[in-house]
Number of protein chains: 2
Amino acid sequence: MNVPDSRNVICTVDVVLLCLKAGSLHVALLRRDHNPYAGVLALPGGFVRPELDQNTSDAAVRMLREKAGLESPYLEQLATFSGQARDPRGWSVSIAYYALVPPDLLDLTAQPDVTLVPVDVPRALPFDHREIIAAAVERVRSKSTYSSLPVYLCGERFTLPQLQTVYESLLGESLNKVSFRRKMDELDILEPIQGEMETGRANRPAQYYRLKAGYRDQLSLCNRGLSSS
Amino acid sequence: MNVPDSRNVICTVDVVLLCLKAGSLHVALLRRDHNPYAGVLALPGGFVRPELDQNTSDAAVRMLREKAGLESPYLEQLATFSGQARDPRGWSVSIAYYALVPPDLLDLTAQPDVTLVPVDVPRALPFDHREIIAAAVERVRSKSTYSSLPVYLCGERFTLPQLQTVYESLLGESLNKVSFRRKMDELDILEPIQGEMETGRANRPAQYYRLKAGYRDQLSLCNRGLSSS
DNA sequence: TTTGCTTAGTATAGAATTTAGACAAAGCTA
DNA sequence: TAGCTTTGTCTAAATTCTATACTAAGCAAA
């Protein structure tokens with residue numbers, strides 16, 4: 001009667017690692033090194049290890065470090081997926097996280113096991129990983145309509161036209177330049193980097209910006225959203 | 001190496017059952033009938049039972065039925081809480097759900113074990129239940145700024161002034177009547193109940209509305225949010 | 001060196017949306 | 001029947017958003 005069948009539940013953590021490549025959202029997949037599905041591309045993930053992890057968020061950080069060799073600037077719990085059918089080993093829960101990284105942080109030459117796959121191209125995946133990825137993409141696109149989330153897909157510094165392009169590729173629609181700049185200004189999370197301009201192109205140089213110090217780990221929300229629809 | 005220490009993880013589900021009482025949000029607590037914390041007020045919850053539950057959502061439905069004796073019109077996964085310290089029995093995860101019910105669905109005389117407690121009055125609770133409740137309240141208030149969520153706190157039928165009052169008590173600010181009605185109209189999820197008016201008060205009777213048939217289990221989102229701030 | 005091209009960044013006017021206030025509608029009470 | 005109250009709608013003013021135009025500034029080619 002005391003601690004019954006819940007001992008039969010397998011407890012794992014999976015991470016949806018997202019970044020922009022060639023203007024579209026990609027997810028990082030790894031070839032699994034053991035059964036089930038050994039050799040198959042899947043989300044980085046694994047068992048929660050109580051002796052190593054203070055909580056599941058720690059476990060997600062550990063997965064990213066061990067399997068993709070990086071510390072993500074943005075990591076958020078997505079949802080928990082559960083049931084009998086999703087894992088052939090038995091009734092399981094997977095606490096899913098998603099991470100956003102700028103492209104330069106994912107050094108694919110140093111991590112030859114990692115494969116970047118466009119999220120919008122349907123593909124068979126083991127477990128319910130396709131569903132988990134779909135939920136993460138949905139969450140990112142939704143949050144991009146009213147928050148500063150996409151900033152985490154940019155590097156340390158970026159120009160406003162670059163940032164606008166990132167928003168536009170996530171939202172799948174073009175944004176009004178004046179409105180976009182007004183809203184970034186209202187968010188009040190960016191600061192120009194004095195004297196640093198994007199040069200080398202045949203036009204007026206664009207100002208480089210960076211996140212203000214206090215906003216490294218904290219989202220900012222717009223009052224009225226960014227897109228028109 | 002195969003299925004390691006994750007067997008040592010305790011897997012539970014907790015439900016934050018919310019309703020409006022006297023114009024403010026209340027959470028339903030139950031007196032625990034076994035250790036740890038036997039006799040203490042806590043969230044309805046319990047172990048996931050793989051032989052009974054298809055998934056954790058089923059488990060949450062079961063908790064509501066067994067412990068509070070009701071079927072909630074709205075149930076959504078909130079987040080998963082985890083770690084060594086939150087449960088004296090050991091490293092645990094709790095997949096938390098939240099439910100919204102109209103006041104008349106919670107028959108406290110038939111369920112004498114259930115206690116309704118205002119969410120804004122701080123109170124010591126076992127486990128990390130205070131944190132879980134805070135997250136649920138935060139989620140409900142946040143979603144109320146841009147969605148039809150508060151409708152689930154009303155009964156089968158309600159007038160627009162009643163619904164506006166529900167929004168206002170959740171958001172903690174008064175809303176513009178014209179804007180509120182325009183946005184409810186844009187959501188296009190309510191229909192007037194022909195001929196049914198709220199009578200018995202010393203003023204012009206208000207029209208009763210209900211959710212349109214297709215929207216019983218589905219949220220609708222505003223383009224631009226409801227509140228002004 | 002100069003001309004032309006391209007994109008950055010800003011100003012402005014017109015369009016669209018939101019809000020505050022006014023007011024008629026309609027039932028209850030006295 | 002008069003007066004009170006809240007519902008539901010209309011309208012004008014305030015605010016916000018968008019399209020367009022225009023200057024800024026660097027590169028490339030003549």
Side-chain angles (χ1 to χ4, degrees), chain A residues 23 144-147 151 154-155 157-169 171-210 220-229, chain B residues 23 144-147 154 157-169 171-210 220-229:
Chain A
S144 297
T145 62
Y146 62 88
S147 84
V151 167
C154 302
R157 60 177 203 170
F158 46 84
T159 68
L160 287 182
Q162 281 169 2
L163 184 59
Q164 182 171 349
T165 302
V166 169
Y167 270 92
E168 287 173 341
S169 42
L171 300 178
E173 65 180 324
S174 56
L175 300 173
N176 181 282
K177 181 167 58 163
V178 176
S179 299
F180 180 77
R181 284 163 177 263
R182 175 171 25 82
K183 277 166 185 161
M184 286 303 123
D185 191 55
E186 282 166 6
L187 283 182
D188 196 30
I189 56 170
L190 303 180
E191 61 186 4
I193 311 177
Q194 287 305 325
E196 294 197 33
M197 313 292 275
E198 181 198 38
T199 55
R201 300 177 54 213
N203 54 24
R204 173 173 172 180
Q207 173 71 55
Y208 272 119
Y209 286 80
R210 67 179 161 220
S220 267
L221 308 182
C222 299
N223 282 339
R224 290 165 197 269
L226 282 134
S227 73
S228 37
S229 63
Chain B
S144 297
T145 63
Y146 63 86
S147 83
C154 300
R157 60 177 205 170
F158 45 85
T159 69
L160 287 181
Q162 281 169 2
L163 183 59
Q164 182 171 350
T165 302
V166 168
Y167 270 92
E168 288 172 342
S169 42
L171 300 177
E173 65 180 323
S174 56
L175 299 173
N176 181 282
K177 180 167 59 163
V178 177
S179 300
F180 180 77
R181 284 163 177 263
R182 176 171 25 82
K183 277 165 185 161
M184 285 303 124
D185 190 55
E186 282 167 5
L187 284 182
D188 196 30
I189 56 170
L190 304 181
E191 59 186 5
I193 311 179
Q194 287 306 324
E196 293 198 33
M197 315 291 276
E198 183 195 37
T199 56
R201 300 177 53 212
N203 53 25
R204 172 174 173 178
Q207 174 70 55
Y208 272 119
Y209 287 80
R210 67 179 161 219
S220 268
L221 309 181
C222 300
N223 283 339
R224 290 162 196 272
L226 282 133
S227 75
S228 40
S229 65

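Note that the structure is predicted; figures quoted are calculated from it, not measured. Only this structure's heavy atoms are used, side chains among them; waters, hydrogens and symmetry mates stay out. Every chain is numbered from 1 and lettered A, B, ... according to where its sequence line falls, protein lines coming before strand lines.
The listed nucleotides are C/dC28, C/dA26, C/dG9; the one nearest the side chain of B/A202 is C/dC28. Listed nucleotides C/dA11, C/dT18, C/dT6 differ in distance to A/N203; the shortest reach to its side chain belongs to C/dT6. Closest to the side chain of A/N176, from the set D/dC17, D/dA19, C/dG9, is D/dA19. With C/dC28, D/dT7, C/dA8 as the choices, the nucleotide that has an atom nearest any side-chain atom of B/T199 turns out to be C/dC28. When each of D/dA25, C/dT18, D/dT18 is scored by its nearest atom to the side-chain atoms of A/R224, the top-ranked nucleotide is C/dT18. Side-chain atoms of B/Q207 lie closest to D/dG8 of the nucleotides D/dG8, C/dA26, C/dT19.
At the heavy-atom level, A/E198 lies nowhere under 4.0 Å from the strands shown. In this structure, A/R182 reaches the bases: a heavy-atom distance under 4.0 Å links it to at least one base atom across the strands shown.
What separates CZ of B/R201 from C1' of C/dA26 is a distance of 13 Å, to the nearest Å. Counting to the nearest Å, the P atom of D/dT16 and the NZ atom of A/K183 are 11 Å from each other. Atom CE in A/M184 sits roughly 15 Å away from atom C1' in D/dC17 (whole-Å rounding). The interatomic distance linking A/D185 (CG) with C/dA11 (C1') rounds to 15 Å, in whole Å. In this structure, A/L163 places its CG atom 12 Å from P of C/dG9, rounding to the nearest Å. Atoms CZ (A/R181) and P (D/dA19) sit 16 Å apart, rounded to a whole Å. For the pair A/M197 CE and D/dG26 C1', the interatomic distance rounds to 10 Å; values are reported in whole Å.
Of the candidates A/R204, A/Q162, A/R157, A/Q162 is the only one forming a side chain to side chain contact (heavy atoms under 4.5 Å, CB included) with A/E198.
Note that the CD atom of A/Q194 and the CD atom of A/Q207 stand 6.5 Å from one another [nearest 0.5 Å].
With DNA chain C read from its 5' end, the first of the two nearest nucleotides for B/K177 and A/L160 is the one closest to A/L160.
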Is there a side-chain contact (heavy atoms from CB on, under 4.5 Å) between B/M184 and B/Y167 once you walk through the steps? CA-CA 12 Å; B/M184 285 303 124; B/Y167 270 92; 3.5 Å; yes
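Note on B/S179: every side-chain N or O is 4.0 Å or more away from OP1 and OP2 of C/dT18. Here A/R204 does not reach the OP1 or OP2 of D/dT23: none of its side-chain N or O atoms lies under 4.0 Å away.
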